[in-house]
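Notes follow once the structure below has been shown.
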4 protein chains.
Amino acid sequence: MDYPSILERIQSDITPLLGQGKVATYIPALASADPHDFAMSLQLVNGESYHIGLSDKTFSIQSISKVFMYEMALSLFEESLVGRVNVEPSGNPFNSLVQLEYEKGIPRNPFINPGAIVVADMLTSYYGASAEDSILHFFKNACNDFSITINKEIFHSEYTSGYRNYALANLMKSFGNIHNEVEMTLDTYFNACSISANTTQLARSTLHLACQGLDPITSNRILTFEHTKRINALMLTCGHYDASGEFAYHVGLPGKSGVGGGIIAIVPNTMSIAVYSPALNHHGNSLIGTKALELFSHYSGHTIF
Amino acid sequence: MDYPSILERIQSDITPLLGQGKVATYIPALASADPHDFAMSLQLVNGESYHIGLSDKTFSIQSISKVFMYEMALSLFEESLVGRVNVEPSGNPFNSLVQLEYEKGIPRNPFINPGAIVVADMLTSYYGASAEDSILHFFKNACNDFSITINKEIFHSEYTSGYRNYALANLMKSFGNIHNEVEMTLDTYFNACSISANTTQLARSTLHLACQGLDPITSNRILTFEHTKRINALMLTCGHYDASGEFAYHVGLPGKSGVGGGIIAIVPNTMSIAVYSPALNHHGNSLIGTKALELFSHYSGHTIF
Amino acid sequence: MDYPSILERIQSDITPLLGQGKVATYIPALASADPHDFAMSLQLVNGESYHIGLSDKTFSIQSISKVFMYEMALSLFEESLVGRVNVEPSGNPFNSLVQLEYEKGIPRNPFINPGAIVVADMLTSYYGASAEDSILHFFKNACNDFSITINKEIFHSEYTSGYRNYALANLMKSFGNIHNEVEMTLDTYFNACSISANTTQLARSTLHLACQGLDPITSNRILTFEHTKRINALMLTCGHYDASGEFAYHVGLPGKSGVGGGIIAIVPNTMSIAVYSPALNHHGNSLIGTKALELFSHYSGHTIF
Amino acid sequence: MDYPSILERIQSDITPLLGQGKVATYIPALASADPHDFAMSLQLVNGESYHIGLSDKTFSIQSISKVFMYEMALSLFEESLVGRVNVEPSGNPFNSLVQLEYEKGIPRNPFINPGAIVVADMLTSYYGASAEDSILHFFKNACNDFSITINKEIFHSEYTSGYRNYALANLMKSFGNIHNEVEMTLDTYFNACSISANTTQLARSTLHLACQGLDPITSNRILTFEHTKRINALMLTCGHYDASGEFAYHVGLPGKSGVGGGIIAIVPNTMSIAVYSPALNHHGNSLIGTKALELFSHYSGHTIF
C-alpha cells in the first residue's frame, strides 16, 4: 500500500481543521502547546516507517502511559488485578467519581484515571521508590530508545494542582483500594503521565502490540500473546473514555489517547500508529488526531472488523 | 483447522457447568427453558458448517434481534440516526432508566433496550403496521430460510407484562424521542424480540457480518461494507450490556447476546457463530454460552486483536 | 395582628414582579393561565378570613392533592404504608426516575409524583372505581363546600399526554409496587390532580392542619392529632420538591405547592394560607406565590422555628 | 410539665434497647465508646435543667459542630454564602461525592460533610491559623463554660485517616470551591469535630436557638432572630443526613446529630435538649438517641407542627 500518499492525503484533509478544539489548560505546561501542531507516524512490523508533520516534536504522553503501566501490571500481577480494577467501559468521563463511589472504590478499567492510579499503586508497592524509573525503563525498552525522559516541569504542575486525582485516590483509599500513601502513589502516576515522546517514538514503542507482544525488529518479547490480545481489547472498548464507542465505530482500531494530544492505534499484524495534535474535543481526546485516524482507516481500509 | 474436535472439546469442558446460572423468569415462556440445553453452530464463509448439541432446537432470539433492526436502520436512515441513538457503551444494565434520564431520552446505543426501542420506533414510522413483517423478512432473507416465525405466545407475554420497557418508552416519549404511540412502537419491538430460531439459523443469518455485508453463499448483498464494520464495532463495544468489556477481554470477538440464551459472534472473513444455553449470568448473558465462546477463542486462536 | 394591611403590603411588593417565571406548558389547559393573576387567602382558626386578589378564581390544584390523598392513606392504611412509600426529602426533581430505580421502585416520599402515584394505587385498591369520588369527597368535606368539581378537560390532557407519569408508574409496577393496572391507578391520580379550587377554598380545606386535625368551624375531625403532625412535618421537609429546604429556610412554614400555581401553608394553631400565581420558578413552584409567603412570614413574624 | 418523670420513663423505655446499633469504628478513639452509655439533658429557657444518665461524660461532638460553624458563617458572611453552599436536603449519605460532582462542587447544605468543609474553609480564610480557636471560643461562649477543650487524639486520628474527607475537599478544590490549602481547611474542620462536651454542656450551648438567638440566662446575644430561624429550619430539613425526613416525621423538632453519638434538639421558646448514646443506626445517627427524642416528643407533646 502507498502509505506516503495516504499520509499526504490525510495532512491535506486535516489542514483546514487545524485550530478547532481546545488545548488542555489545567496545567500551564500543557496550555502552551500550539493547536496547529500535527504529526503522524506509521511503524510497520516489517521495520519500515512513514512520517508526516512534526514527528520529532516531543509532547507529554499523559494517559497513553496507562497502556504501558497496565502491560507491566498484567505481567507482574495478573491474578491479583481481579477485585482491584475491572475491564469494563465506564460510560463516564475519565475522572468521574460518581461511578467509583457507587462501585465501592473499584475502578471500571485501567484506562480511566482511577484505574490507572490503582495500577500505579500496585507498581509502587512492588518497586517502591523506583517505580517511576521502572515504568520509564519499560517504555524505553519497548521503544528501543534509551534517550526518553520524564518532563519534570509537567510532573510538578500535576503533582501540585491535580486536585481531582487526589480526590480519586483518597476516595479509593477510603475503600481500602490504595495501599500506599496517596502522595507516593500519585508521585508514580504523575511521573508516568509526564513521559515525553514524539510520534516516531510512540509508534515504535507500541509496535509489539501489533505483533503478539514481540518486538519484530529486536525480537525482544515485551508481552505474552495472551496479554497482548487483552491490551488491544481494552484499548478498543475503553481507550477513549466516554468516546470509546465512537472511536470503534468510526475508526475500528484499538487505540489510546492522552490529553497531551497524542493517540496511538494498532493494526494487528501490520503496524502501530501514533498521531499528535494538542487541541482536544469535549471528551478530552485529540480532535484532529481522531479525525486523522478515521481518515487513515478509510483510505487504507485497515480495520479489525 | 479441525473445528469438529474443537466443538467436542468445548462440549466436554462445559458439560460439568450445565445448571449454573439462572433462566430468565420474567415471562413464563422463557422460564420453562431447560437450563441443561446447549447448542453451538459454526457457519464458515466457504459454506461449510459445524454443529454440536441441540442445534435444531428453536428459542427466542430476544436482543439478538437488535442487531438486525439496527442493520435495517443503518441502511434506511443513516444520517437521521444521529441525535436519536448514540453508539457508546452504556456502562449500565440493559434496561436502566438512570442514564436515559440524565441524557434527555437519547439512548447510549442501539443494543440496549431503549436504543432498540427507538430503532423500532423509526422502523414503525417507515413501515407502519407491516414493520414486524419487514423485520422478520430481513431476518429470513439474511438466513436464506423462509420458514422462520415469530412466537406469538412470547410476544403476548412481553406485550402485557414488559412494564420496564413501557417505562423506557414513555420516558423517551416525554423527551420527544418516540414518534409513534408507545403501544405501536412496542408492538414492533416485542415482535422482533419474539422471533424463534435455532443456532444453525442464527449462525447462517449473521454470516454476512463475517463477509463485508455480502452473503457468500447466495451472493446477496445484505449490508454495505462500511455498515458491516459499524455493526461489528458496536457488537464489540456494546453487545453484552455492562459485560461488553469482559467479553472483548476474554473472547475478543464481536458478539451479541439475548436473554433467551442465545449469543452470536463473528470472526471477520472466517465465520459466524451461534451458541445457545438458556441459563444466564447476572448481567443477563448466557453463562455457558459466554464460556463456550471464550473456549472457542482460546482453542482456535481466532480473535480480532 | 392587622392581616388586611399585611396582605396589601404583600400585594404591593409582588406587583412589580408579576410576569416573572413561566406558566406550566405541558398541557394546554395549564398553558393558557394568565401569569399576572394573583390571589392570597388567610383562614384563621377563629373563623375569620382575609383575602386579596383573585380569591374566587378557580385553578387546578395539581400536586396539592397529594396532601389530601396522603391524609386519606394515613387514616386508612397507616402500617401498610411502610415499605411502599418513604418519608424522606428526595433531593431530586418531582418526576425523576433516577432515585426510583436505585431504590427499587420505593418512592422517597408521598409528595413527589411517584409517591403520590403509589398512594393513588392504594386508594384505588381500596375504593375501586369510586376512588376519584372518594378523594373529591374528602376534599369537599375538609373544605365544607360541596360545590367543588374536577376539571375533566385537564384530566383528559394529563391522561393522554402524561408520558413521564406513565414511565414512573410502569417502572414501579416492574418492581411490584403498583398493584392495579397502570391506567386505573393513573386515572385516580390524574383525577385528583385535576380538582379545581380557588384560594378561599384551598385555605378553608386545610384549616384542620392548623388545628390538630379538627375543623374548628364545623368541629368535624378530619385527621388525628398524630397524623396532622406528620402531614405538617412532611410538608416542611418535602412540600416543594428540590426547593423544600429553601422554603423552610426562607418561609419557615409547612407548605405544599402545585404546578397549577397554587401553594398552601400552615401556621400551626393560628391559620391556614393559600396563594395563587401561575408562573413557576425552575423547581416547578409558583414564583410569586413563594415570594408572597416569604413576605408574609417576614411581616407577620409567623414561623414554626 | 413533670420533666423528671418523663426522663425516667424514657430511660426505662430505652434500657432494653441498649446494645442495638453500632459504635462508629472509623477511628480508634470513637470505636472504644461503650454502646451501653446513655445521657439526656433538658435545658429550659427559664434556667431550669433536668438530666438523666451520664450527663457529665464528655464525648466528641463531631457533626454537631457543623451547627456552630454555620452560625458563625451566617453572622460573618451571610451574602457570600450564596453560591458556595446551598440549603437543600441532599437525599444522600453525609459523605457522598456523587451529588457533589453532579452539582459542580457546590454542597447541598452546611450540615453534610462537604458543606461544613466549605464553611470551615471560609472561617479559615477569615481567621487564619486561629480559626479552630475562634470556633472553640464561640462554642464556649454559647455554653457559658470556658473549660471545654478539643480532644487532640481524635483530631489526630481524623487528620491522618479521614480519606473520604480529603476526597471531598480535593474534589471541591478542583471546582474552585476551596480557597485554602486542603490540609489547612481540613485542620480547621477536624478540630471543630473533635470538640469534647457532655450533654449538660451541649444542651446549654444550644439554648439560644430556643430563644431567638439570645442566651436567656446571660442575656448575651449569640445570633440574630432571623439567623436563628434559619439554623432551626436547616436542622429540621438537613440535620440527620438522609434520615432527616424520618426525624421530622417521628420527632417533629429541629435537631442535629453527630457520629460521636450525640444529638441536639430544640423546642422553640421552651428548651434545648441533648442526648448521648454512641451506637449508631445505618444512617450514622445515634439509634437510642433518636428513639429517646421520639419518646420525649410523644410524652411531652412538644412539637413544632
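Chain letters run A, B, ... following the sequence lines, proteins first, then strands; residues in each count from 1. Since we're looking at a predicted model, the values are computed, not measured.
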Where do B:Val98 and C:Tyr102 land on the side chain to side chain contact (heavy atoms under 4.5 Å, CB included) test, with the steps shown first? CA-CA 8 Å; B:Val98 170; C:Tyr102 279 127; 4.0 Å; yes

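Under a cut-off of 6.0 angstrom, the local environment of CD in C:Gln20 is crowded, with over 12 non-hydrogen atoms contributed by other residues, nucleotides or ligands. Around NZ of B:Lys152, the count of heavy atoms belonging to other residues, nucleotides or ligands within 6.0 Å exceeds 12.
In this view, C:Glu153 satisfies the salt bridge (Lys or Arg N to Asp or Glu O under 4.0 Å) rule with no residue, not counting sequence neighbours. Annotation: salt bridge (Lys or Arg N to Asp or Glu O under 4.0 Å) contacts of C:Glu103 (sequence neighbours excluded): C:Arg108.
Summarising the geometry, atom CZ belonging to C:Arg164 is positioned 11.0 Å from atom CG belonging to B:Asn170; distances are rounded to the nearest 0.5 Å.
B:Leu97 and C:Glu101 get closest at one heavy-atom pair: N-OE1, 2.6 Å.
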